[in-house]
Each structure stands twice: as structure tokens, then as C-alpha cells.
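Take a look at the structure set out below.
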Amino acid sequence: VYTDTIVVSVANPPVVNLGADTAFCSGNTLTLDAGNTGLRFLWNTHDTTQTIPVTNSGTYHVTVANGNCVATDTIVVTVNPTPVVNLGADTTFCSAANLTLDAGNSGASYLWNTNDTTQTYRVTAAGTYSVTVRNGNCVATDTIIVDMIASPIVNLGNDTILCNDARLYLDVTYRNATYLWQNNSRNANYTVTTPGTYWVELNNNGCKASDTLVVTYATSPIVDLGADTFAC
């Protein structure tokens, strides 16, 4: 008679589910969890923990072992760039100038609070402007406050001709402006007494305007019809 004994253990096979392929925005971290606490783990990243943090796009694979029972799963992770939006600091511009706001991030989709959907926006009035930039499911926003200063208006008139000792009075008074004439005068007015080119620049808190005038002097004609006389 011969006898023998064997002990058979039945281990439950692990069930591994890393979830569906997914995408998230850069700057965030996705934690992959293989479940099955207490078992053995081997990721294709060489990690041997139940969970791993993911910050980069790629294919991630894990093998979970319970004794001789093994299960695997794979997930594809896509990390989309999060748009960075900077419209700049709050600013002031001149009414005669053009201010263009650029949301950057070419290829993304845009929505301004003006309902425009372009990457750039031309500002023509003071106000608060904001834009939302979307790259897939990644979203960023920025806001800028724009103030406007009226550009000064200056008109010295058409080029002109004066006679002999005539004078031409030029007055360019404009509220809150400063003045600079061709001779460095800072007055709001100027009196022309000689021929030449005259110009003035007005500055209203950084908003400038200028004009130029050419003045020519002509000699007055001398007319002599002679003394009063009689004729037959």
C-alpha cells in the first residue's frame, strides 16, 4: 500500500480595471489605481505600487498577481496643453489710436465677452474685455480694463501769405493739454511775425496731435497815380 497527500488552494483571480482611455489638462495629475489591495503589482513604468501618478501622455499598463493568478489592464492617457491667456495689464489708450488685444494660443477656440470668436480683438471704446480660450476640454480666461483718453484736436489752418508787417495769431487751446511749438514755446497761442514753418504739438496725458503751417510774407505793392490834376 502506498499513500500520498496534496493540498490544493484556489486563489481568486484579480480583477483589474484602470478605466476608459482618458484625457486631462496639463498642470493636473491623474492617479491610476489597479485596485486589489495587498496583491503584487508591476506597471510598465516599473512602479510596484497599487497606484501611480500620471502627468504625461502615454500608454500605461499594469499586471496584478494573486499567487499564480494574474490579470492585466491598459489605459491610454492624453494630456492636453492648458492654454495660457494674458491680455496684459489694465491700460489706457488714445481715442485716435488702435488697440488690439491678442488671446494667443493659435488653433484654440475663443469667446470674448463681446461675442467675437477670433484670436484678436480690436478695441474702439473704453470698457472691460474678457476672453475664454478653449483647447479641447482645457479652458483659460483673462480680463483687461481699458480706459480711453481723447486725442487732442489741432488745426493751424491752411498755409498762408501775409503782407509786410501783418501778424497772424494762432490759438490751439485744448482742455488739459500741454503745448510745444517749434521754438520750444509752451504757450497755448503763438503770434507769427516773420515768414517760416510753424508747428505745434499738443499732449493730452500721452495722447498727442500736431499740425504745421507755412507762412510766407509778400511785399505790399506801391501805387502812385500822381498828384490830383485837371485835364481838358
Side-chain angles (χ1 to χ4, degrees), residues 84-108 110-131 133 141-232:
V84 177
V85 185
N86 182 11
L87 298 178
D90 295 343
T91 188
T92 300
F93 79 109
C94 304
S95 59
N98 292 327
L99 175 65
T100 299
L101 302 178
D102 190 341
N105 302 279
S106 297
Y110 309 88
L111 181 60
W112 297 82
N113 62 333
T114 58
N115 292 324
D116 288 86
T117 56
T118 54
Q119 178 180 330
T120 60
Y121 180 79
R122 182 175 176 270
V123 176
T124 58
T128 299
Y129 297 88
S130 63
V131 63
V133 180
T141 63
D142 195 27
T143 299
I144 185 173
I145 298 174
V146 177
D147 194 11
M148 182 184 294
I149 296 177
S151 296
I153 299 173
V154 55
N155 182 12
L156 295 179
N158 297 326
D159 295 343
T160 189
I161 299 175
L162 301 179
C163 298
N164 286 351
D165 297 329
R167 295 171 174 248
L168 178 63
Y169 182 73
L170 303 175
D171 189 345
V172 293
T173 301
Y174 190 90
R175 182 182 178 186
N176 296 326
T178 59
Y179 314 92
L180 176 63
W181 294 86
Q182 77 288 333
N183 66 341
N184 291 322
S185 170
R186 301 284 179 170
N187 296 324
N189 50 68
Y190 187 89
T191 301
V192 176
T193 58
T194 58
T197 299
Y198 297 85
W199 59 262
V200 64
E201 179 183 83
L202 275 64
N203 186 333
N204 182 21
N205 292 311
C207 295
K208 298 179 180 180
S210 63
D211 194 23
T212 299
L213 172 68
V214 176
V215 177
T216 304
Y217 272 79
T219 301
S220 297
I222 299 174
V223 181
D224 183 7
L225 297 179
D228 295 342
T229 187
F230 294 93
C232 295

(message) Run Trp181 and Val172 through side chain to side chain contact (heavy atoms under 4.5 Å, CB included) and show every step you take.
(response) CA-CA 11 Å; Trp181 294 86; Val172 293; 3.8 Å; yes
(request) Assess whether side chain to side chain donor-acceptor pair (under 3.5 Å) is satisfied between Thr118 and Asp116, documenting all intermediate values. (result) CA-CA 6 Å; Thr118 54; Asp116 288 86; 4.9 Å; no
(request) Would you please test Val200 and Tyr190 for side chain to side chain contact (heavy atoms under 4.5 Å, CB included) and show each step? (result) CA-CA 9 Å; Val200 64; Tyr190 187 89; over 6 Å; no
(request) Begin with the C-alpha distance, continue with both residues' side-chain angles, and end with the deciding distance and a verdict on side chain to side chain contact (heavy atoms under 4.5 Å, CB included) for Ile144 and Asp142. (result) CA-CA 7 Å; Ile144 185 173; Asp142 195 27; 5.8 Å; no
(request) In sequence, state the C-alpha distance, the side-chain angles, and the governing distance for Glu201 and Tyr179, and then conclude on side chain to side chain contact (heavy atoms under 4.5 Å, CB included). (result) CA-CA 6 Å; Glu201 179 183 83; Tyr179 314 92; over 6 Å; no
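The two atoms that bring Tyr174 and Pro152 nearest to each other are CZ-CA, 3.6 Å, heavy atoms only. Of all heavy-atom pairs spanning Trp199 and Leu156, the tightest one is CA-CD1, 4.2 Å. Annotation for Tyr217 and Thr194: closest pair CE1-C, 3.4 Å, computed over non-hydrogen atoms. Smallest separation of non-hydrogen atoms from Ser95 and Ala150: OG-CA, 3.5 Å. Taking each heavy atom of Leu99 and Val146 in turn, the nearest pair found is CD2-CG1, 3.8 Å. Closest non-hydrogen pair, Cys94 versus Ser151, comes out as CB-OG, 3.3 Å.
When the shell of 6.0 Å around CG of Asn164 is examined, it contains more than 12 heavy atoms from other residues, nucleotides or ligands. Residue Asp165 qualifies as open at atom CG: its count of foreign heavy atoms under 6.0 Å is 12 or below.
A 4.5 Å side-chain heavy-atom check between Arg186 and Leu180 finds at least one atom pair inside the cut-off. Under the 4.5 Å side-chain criterion, counting only non-hydrogen atoms from C-beta, Arg122 is in contact with Asn98. The closest side-chain heavy-atom distance from Leu213 to Asp159 is below 4.5 Å. Taking 4.5 Å as the limit, some side-chain heavy atom of Leu170 sits within range of a side-chain heavy atom of Leu168. By the 4.5 Å heavy-atom criterion applied to side chains, Tyr198 and Val192 are counted as neighbours.
Put simply, CG on Asn86 and CG on Asn105 are 10.5 Å apart, with the number rounded to the nearest 0.5 Å. Between Asn113 atom CG and Thr141 atom OG1 the span is 11.0 Å, to the nearest 0.5 Å. One distance of note links CD1 of Ile145 with OG1 of Thr92; it measures 10.5 Å at 0.5 Å rounding. Annotation: the span from Ser210 atom OG to Gln182 atom CD amounts to 12.0 Å, rounded to 0.5 Å. Within the model, atoms CG of Asp147 and CZ of Phe93 stand 9.0 Å from one another, a figure rounded to the nearest 0.5 Å. Atoms CG and CG, on Asn155 and Asp211 in that order, are 5.5 Å from each other to the nearest 0.5 Å.
Judged by distance alone, with hydrogens and angles left aside, the side-chain atoms of Asp171 form no donor-acceptor pair with the main-chain N or O of Tyr169 at under 3.5 Å. Checking side-chain atoms of Asp102 against main-chain N and O of Gly104 turns up a donor-acceptor pair under 3.5 Å.
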